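Ligands are counted one by one from 1 in listed order, and the atoms in each one are counted from 1 as well. Counting from 1, the numbers follow the sequence of the chain as shown. Side chains included, hydrogens not; waters and symmetry mates left out as well; all remaining heavy atoms used. Being a predicted model, the structure only gives us computed values, none of them experimental.
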Amino acid sequence: MNPDQASKVSGASFERAIALFRTQFQAEPRWVSHAPGRVNLIGEHIDYNDGFVLPAAIDRRLSIAARPTASEEIRIFSEQEDSIETFDLKQPFQARKNWTDYITGVFWEWIKRNATPCGLELCIASDVPLGAGLSSSAALEVATATLLEDAWHLALSPTEKALACQSVEANYVGMPCGIMDQFIVSLGKKDHLLLIDCQTNTHELVPTRGAFPTLLIINSNVRHALTDGGYAARRRQCDEALAVIGERSWRNVTLEALEKNKSELSKVHYQRARHVVSEIDRTQQAVKAIQERNMEQLGKLLYTSHDSLRHDYDVSCVELDWIIDRLQSLGTCAGIWGGRITGGGFGGCAVALVEPDAVSTARDHIQAAYHETFGIQPDFFITHPSGGCECVNVDIP
Ligand code: ADP
Ligand code: MG
């Protein structure tokens with residue numbers, strides 16, 4: 001590894017992946033592919049509804065240390081799982097309905113694209129919490145894909161790579177996700193948010209320039225069981241509502257048009273639709289607020305987004321509502337601009353926009369009281385928009 005790369009890539013998961021690799025495989029890795037988690041600032045549950053989303057890559061990463069082998073086997077170890085899973089390259093990859101699907105699905109995509117497979121040993125270490133709405137799944141997919149670009153000699157553009165990984169999650173793993181997670185993990189840039197137009201799959205970097213507030217992530221450490229069915233149900237309800245309104249895309253639906261169709265829609269369908277239409281608008285307003293450096297306006301948009309997800313889209317939970325209410329009661333005079341639930345919902349994390357010197361105030365007002373109320377310790381960490389996935393050759397003398 002050259003010194004420039006070393007300074008860019010030092011980080012807990014990066015070092016752990018190498019150390020674990022040595023222990024598990026008694027060898028030195030050739031590559032470390034390391035991908036960020038992500039936080040979505042605004043634009044929630046509209047990536048699959050032709051909307052806009054505005055995520056940032058975070059500085060917590062998942063790292064895969066790997067080396068090629070002469071065998072026709074893939075051997076994978078994850079510190080989260082503590083066991084080596086083995087796959088035969090001569091057999092077609094098939095989902096095992098476990099964590100390895102996020103990886104072998106990517107192998108399969110590369111084989112379908114006529115890559116040149118070779119045996120591999122892989123070791124995964126991660127600082128992206130699993131299932132907390134910070135997209136450990138996309139980090140795992142995109143880190144694997146970026147590794148294969150070197151290891152199996154088939155490189156894709158960052159956008160194609162993101163689409164291939166999204167196809168893995170939707171079709172191979174069986175989680176019908178939108179394109180946001182894989183796009184930001186692949187295309188994230190330091191000090192930038194990424195505005196993704198999910199209708200056209202085009203994207204635009206939005207610089208955060210200068211003294212942008214800190215992103216404070218608060219992990220509620222709750223996960224409500226509803227997740228998978230709840231997500232699929234909402235996707236279905238949105239499709240049904242759009243059909244009743246008689247449009248092909250949510251981008252053509254205004255709040256006025258929605259009101260005109262209100263009597264044709266059930267209460268639930270109307271509420272889902274109102275979230276989608278208003279969130280598409282809020283996300284565009286948020287970009288304008290960032291460009292104008294209007295943090296008060298940006299913070300208000302985050303709170304409104306939370307309310308919409310809470311009441312209209314019904315994907316929040318008491319623990320996260322409690323956290324957001326608490327932040328709001330501290331207010332802008334305490335340096336807290338706004339916050340909302342982030343990710344798929346039903347638990348997971350909140351994101352708040354806070355001045356750097358307000359982080360401890362926010363933590364102090366939430367930590368002990370949250371534990372007292374719910375009997376759970378929340379986790380806090382601060383982050384800044386960081387870079388997308390990279391694969392580093394660590395075997396260069
Ligand atoms: P999120 O993407 O919000 O973290 P998901 O449910 O989409 O939540 O993805 C989490 C799943 O991804 C885990 O249950 C596991 O199967 C897989 N995964 C993520 N990170 C790792 C890891 N470090 N080791 C093994 N599996 C992982
Ligand atoms: Mg995920």
Ranked by distance from atom 26 (N) of ligand 1, the top protein heavy atom is W99 CB, 3.4 Å

Can you name the closest pair of heavy atoms from Y231 and G178 and give their distance? OH-N, 3.7 Å

What do the steps show when you test Y270 against E259 for side-chain hydrogen bond (donor to acceptor under 3.5 Å, both in side chains), and what is the final call? CA-CA 9 Å; Y270 170 73; E259 290 308 315; 2.5 Å; yes

Ranked by distance from atom 14 (O) of ligand 1, the top protein heavy atom is L130 CD2, 4.3 Å

Ring-face cation of R67 near F25 (centre distance under 6.0 Å, axis angle within 45°): no

Among all protein heavy atoms, pick the one closest to atom 11 (C) of ligand 1 and tell me residue, atom and distance. Y102 OH, 3.7 Å

Atom 23 (N) of ligand 1 sits nearest the protein heavy atom Q80 CG, 3.3 Å

Counting only heavy atoms, tell me which of S13, C177, S126, G131 gets closest to atom 8 (O) of ligand 1. G131

Taking both backbone and side-chain atoms of N98, is any N or O found less than 3.5 Å from an N or O belonging to ligand 1? no

Run the contact test for G343 against ligand 1 with a 4.0 Å cut-off on heavy atoms, strictly below, and give the result. no

Least distance between heavy atoms, E44 atom then L309 atom: CB-CD1, 3.7 Å

Taking only heavy atoms of L134 into account, list the atoms of ligand 1 that are under 4.0 Å away from them. 3 (O)

Over all heavy atoms of both residues, which pair between L140 and W99 is shortest? Give the atoms and the distance, please. CD2-O, 4.2 Å

Presence of salt bridge, R113 and E109, under 4.0 angstrom: yes

Could you check whether any side-chain heavy atom of P36 comes within less than 4.5 Å of a side-chain heavy atom of V185, counting everything from C-beta outward? yes

Atom indices of ligand 1 within 4.0 angstrom of L62 heavy atoms, with elements: 20 (N), 23 (N)

May I ask whether P129 has any heavy atom positioned less than 4.0 angstrom from an atom of ligand 1? yes

Is the closest basic N to carboxylate O distance between D127 and R16 below 4.0 Å? yes

Could you tell me which atoms of ligand 1, counted from 1 in the order shown, lie closer than 4.0 angstrom to a heavy atom of S78? 22 (C), 23 (N), 24 (N), 25 (C)

Is there a side-chain hydrogen bond (donor to acceptor under 3.5 Å, both in side chains) between E279 and H45? Walk through the geometry before answering. CA-CA 9 Å; E279 188 79 353; H45 280 282; over 6 Å; no

Identity and distance of the protein heavy atom lying nearest atom 9 (O) of ligand 1: S137 CB, 3.3 Å

Proximal atoms of ligand 1 relative to I124 (non-hydrogen, under 4.0 Å): 23 (N)

Any N/O of S136 closer than 3.5 Å to an N/O of ligand 1? yes

I'd like to know if the Mg ion (ligand 2) has an N/O/S atom from S137 within less than 2.8 Å of it, counting both backbone and side-chain atoms. yes

Please list, in number order, the atoms of ligand 1 under 4.0 Å from a heavy atom of G133. 3 (O)

Under a side-chain separation threshold of 4.5 Å, the hydrophobic residues clustered together with L130 are none

Record the part of L140 in heavy-atom contact with ligand 1 below 4.0 Å; permitted values are side chain, backbone, both and neither. side chain

With a 4.0 Å cut-off on N to O distance, would you call R22 and E28 a salt bridge? yes

